[in-house]
Amino acid sequence: MKDYRWIHEYCLNRFGSAEALEARLPQPREAVELKALGDDRYLSVMSLRIFRAGLKHSLVDAKWPAFEQAFFGFDPQKVVLMGGEHIERLMQDARLIRHLGKLKSVPRNAQFILDVAHERGAFGNLVADWPATDIVGLWRYLTKHGCQLGGLSAPRYLRMLGKDTFVPSNDVVAALAAQGIVDRVPSSQRDQATVQAAFNEWHGQSGRPFCQLSMMLAYTVNH
């Protein structure tokens with residue numbers, strides 16, 4: 001496995017300067033910022049990620065104000081009370097994306113968020129306090145306890161929130177394969193642990209957040 005310096009040098013050569021590179025890299029939110037987000041925002045972003053999956057993001061985003069209205073501002077205490085008949089009525093609402101499985105996921109995830117909030121005080125405490133050095137563990141937690149958060153939805157949800165995470169996108173997986181780390185999307189616990197260990201090593205070498213390392217790794221893939 002090549003160390004961080006190779007990744008950094010490649011990106012510098014690609015973009016021409018440290019300033020140009022840094023301008024392209026994301027900044028994760030601090031723990032205090034993640035804790036300040038309300039449970040309603042965690043549910044809204046979670047639902048947005050689920051509805052974006054497999055669809056053009058701009059299409060979903062344009063409809064999101066209507067979703068905010070239809071789901072009571074994504075207040076988990078209200079959304080959790082939405083039963084089957086209510087969801088069936090939403091299936092007739094032309095302002096929304098009428099996908100029954102995804103619509104049903106919203107009250108189910110409202111219950112998930114309320115359960116975590118009951119245990120931890122707020123859903124944001126779970127997200128903020130989870131160490132990035134075991135971010136794959138949070139992916140698995142979200143996939144296991146949430147609804148429709150499998151595949152890349154959990155890491156992409158965390159990235160949308162600003163939680164520091166790498167995302168095993170096609171380019172990242174291609175770069176990892178080129179380094180002989182994994183040869184497929186890391187879906188098994190073993191492969192996820194292998195990828196986590198590689199990112200932990202690069203993080204230790206560079207001090208960079210995982211989201212930046214993930215994007216820099218993707219930039220090493222030629223198009």
| task | Would you give the length of the straight line joining atom CD of Q77 to atom CG of L114, rounded to the nearest 0.5 angstrom? | result | 5.0 Å
| query | Does Y141 have its ring centroid less than 6.0 Å away from the ring centroid of H145? | reply | yes
| request: Would you please indicate yes or no on a ring centroid separation below 6.0 angstrom for Y42 and F74? | output: no
| task | Determine, step by step, whether V106 and M82 satisfy the side-chain contact (heavy atoms from CB on, under 4.5 Å) criterion, reporting the C-alpha distance in whole Å, the side-chain angles of both residues, the deciding distance to 0.1 Å, and the verdict. | result | CA-CA 9 Å; V106 183; M82 297 173 69; 6.0 Å; no
| remark: Heavy atoms of I113 and P76 approach each other most closely as CG2-CG, 4.1 Å
| message | Which residue in the set F71, W64, F67 passes side chain to side chain contact (heavy atoms under 4.5 Å, CB included) when paired with S44? | response | W64
| Distance (rounded to the nearest 0.5 Å) between S47 OG and R52 CZ | 12.0 Å
| field | SG on C147 to CD1 on I50, rounded to 0.5 Å | value | 6.5 Å
| query | Please walk me through it: do W139 and T165 pass side chain to side chain donor-acceptor pair (under 3.5 Å)? | reply | CA-CA 10 Å; W139 299 355; T165 185; 3.2 Å; yes
| NZ of K78 to CG of D40: how many Å apart, nearest 0.5 Å? | 10.5 Å
| query | Are any side-chain N or O atoms of K163 and backbone N or O atoms of W130, one a donor and one an acceptor, separated by less than 3.5 Å? | reply | yes
| query | Looking at side-chain heavy atoms only, is the closest gap between R140 and Q192 below 4.5 Å? | reply | yes
| T220 versus A175, closest heavy-atom pair with distance | OG1-CB, 3.7 Å
| Residue pair L213 / I7, side-chain heavy-atom distance below 4.5 Å | no
| Just by distance, do the side chain of Q196 and the backbone of V136 share a donor-acceptor pair under 3.5 Å? | yes
| field | Nearest non-hydrogen partners of L161 and L34, listed with the distance | value | O-CD2, 3.7 Å
| said: Hydrophobic cluster membership, with links at side-chain heavy-atom distances under 4.5 Å among I/L/V/M/F/W/Y: are L21 and F166 in one? | reply: yes
| task | List the atom of F112, the atom of G146, and the distance in Å for their closest heavy-atom pair. | result | CD2-CA, 3.7 Å
| task | Find out if a path of hydrophobic residues (ILVMFWY) with successive side-chain heavy-atom gaps under 4.5 Å connects L48 to L100. | result | yes
| request: Mind checking the CZ-CG spacing from R108 to L103? Nearest 0.5 Å is all I need. | output: 11.0 Å
| query | In terms of hydrophobic clustering (I, L, V, M, F, W, Y; side-chain heavy atoms under 4.5 Å; direct or indirect links), are I181 and Y4 co-clustered? | reply | yes
| P186 side chain reached by T194 side chain, heavy atoms, under 4.5 Å | no
| remark: By side-chain hydrogen bond (donor to acceptor under 3.5 Å, both in side chains), D115 pairs with (sequence neighbours left out) Q111
| request: With side-chain contact (heavy atoms from CB on, under 4.5 Å) as the test, would you mind laying out the steps for N109 and L43 before giving the verdict? | output: CA-CA 7 Å; N109 282 326; L43 180 57; 3.9 Å; yes
| So, do P209 and Q212 sit near enough that their side-chain heavy atoms are less than 4.5 Å apart? | yes
| field | Side chain to side chain, S17 and L12, heavy atoms closer than 4.5 Å | value | no
| message | Rounded to the nearest 0.5 Å, what separates atom CZ in R184 from atom CG in D191? | response | 5.5 Å
| said: Pair D164, R159 - check salt bridge (charged side-chain N to carboxylate O under 4.0 Å, His left out), show working. | reply: CA-CA 7 Å; D164 193 15; R159 176 66 62 81; over 6 Å; no
| said: Evaluate L138 against I135 for side-chain contact (heavy atoms from CB on, under 4.5 Å), listing each step before the verdict. | reply: CA-CA 5 Å; L138 184 52; I135 201 63; 4.0 Å; yes
| message | When you group the ILVMFWY residues by side-chain heavy-atom contacts below 4.5 Å and let the links chain together, are L25 and V172 in the same group? | response | yes
| M215 vs P26 side-chain heavy atoms within contact, under 4.5 Å | yes
| message | Any side-chain to backbone donor/acceptor pair from Q205 onto R5? Under 3.5 Å, distance only. | response | no
| Can you list every pair that meets side-chain hydrogen bond (donor to acceptor under 3.5 Å, both in side chains) and has a residue in residues 20-30, with sequence neighbours left out? | E22-R208
| note | Correct closest heavy-atom pair for F15 and Y219 would be CE1-CD1, 3.5 Å
| said: Apply salt bridge (charged side-chain N to carboxylate O under 4.0 Å, His left out) to residues R41 and E33 and explain how you reach the verdict. | reply: CA-CA 12 Å; R41 293 304 88 201; E33 297 177 278; over 6 Å; no
| query | For F51 and V60, which heavy atoms make the closest approach, and how far apart are they? | reply | O-CG2, 3.6 Å
| field | For R95, salt bridge (Lys or Arg N to Asp or Glu O under 4.0 Å) partners two or more places apart | value | D93
| task | Establish whether L176 and Y10 are linked, either directly or via other cluster members, by ILVMFWY side-chain heavy-atom contacts under 4.5 Å. | result | yes
| query | When you check the side-chain N and O atoms of R49 and Q148, is any donor under 3.5 Å from an acceptor? | reply | no
| query | Taking it one step at a time, do K63 and L96 satisfy side-chain contact (heavy atoms from CB on, under 4.5 Å)? | reply | CA-CA 6 Å; K63 290 178 174 287; L96 307 179; over 6 Å; no
| request: Would you mind checking if R120 and D129 are paired as a salt bridge, meaning a charged N to carboxylate O distance below 4.0 Å? | output: no
| task | Say whether, by atom type as modelled, one donor and one acceptor occur between the side chain of D39 and the main chain of F123 under 3.5 angstrom. | result | yes
| task | Report yes or no: does S214 contribute a side-chain atom to a donor-acceptor pair with the main-chain N or O of V167 at less than 3.5 Å? | result | yes
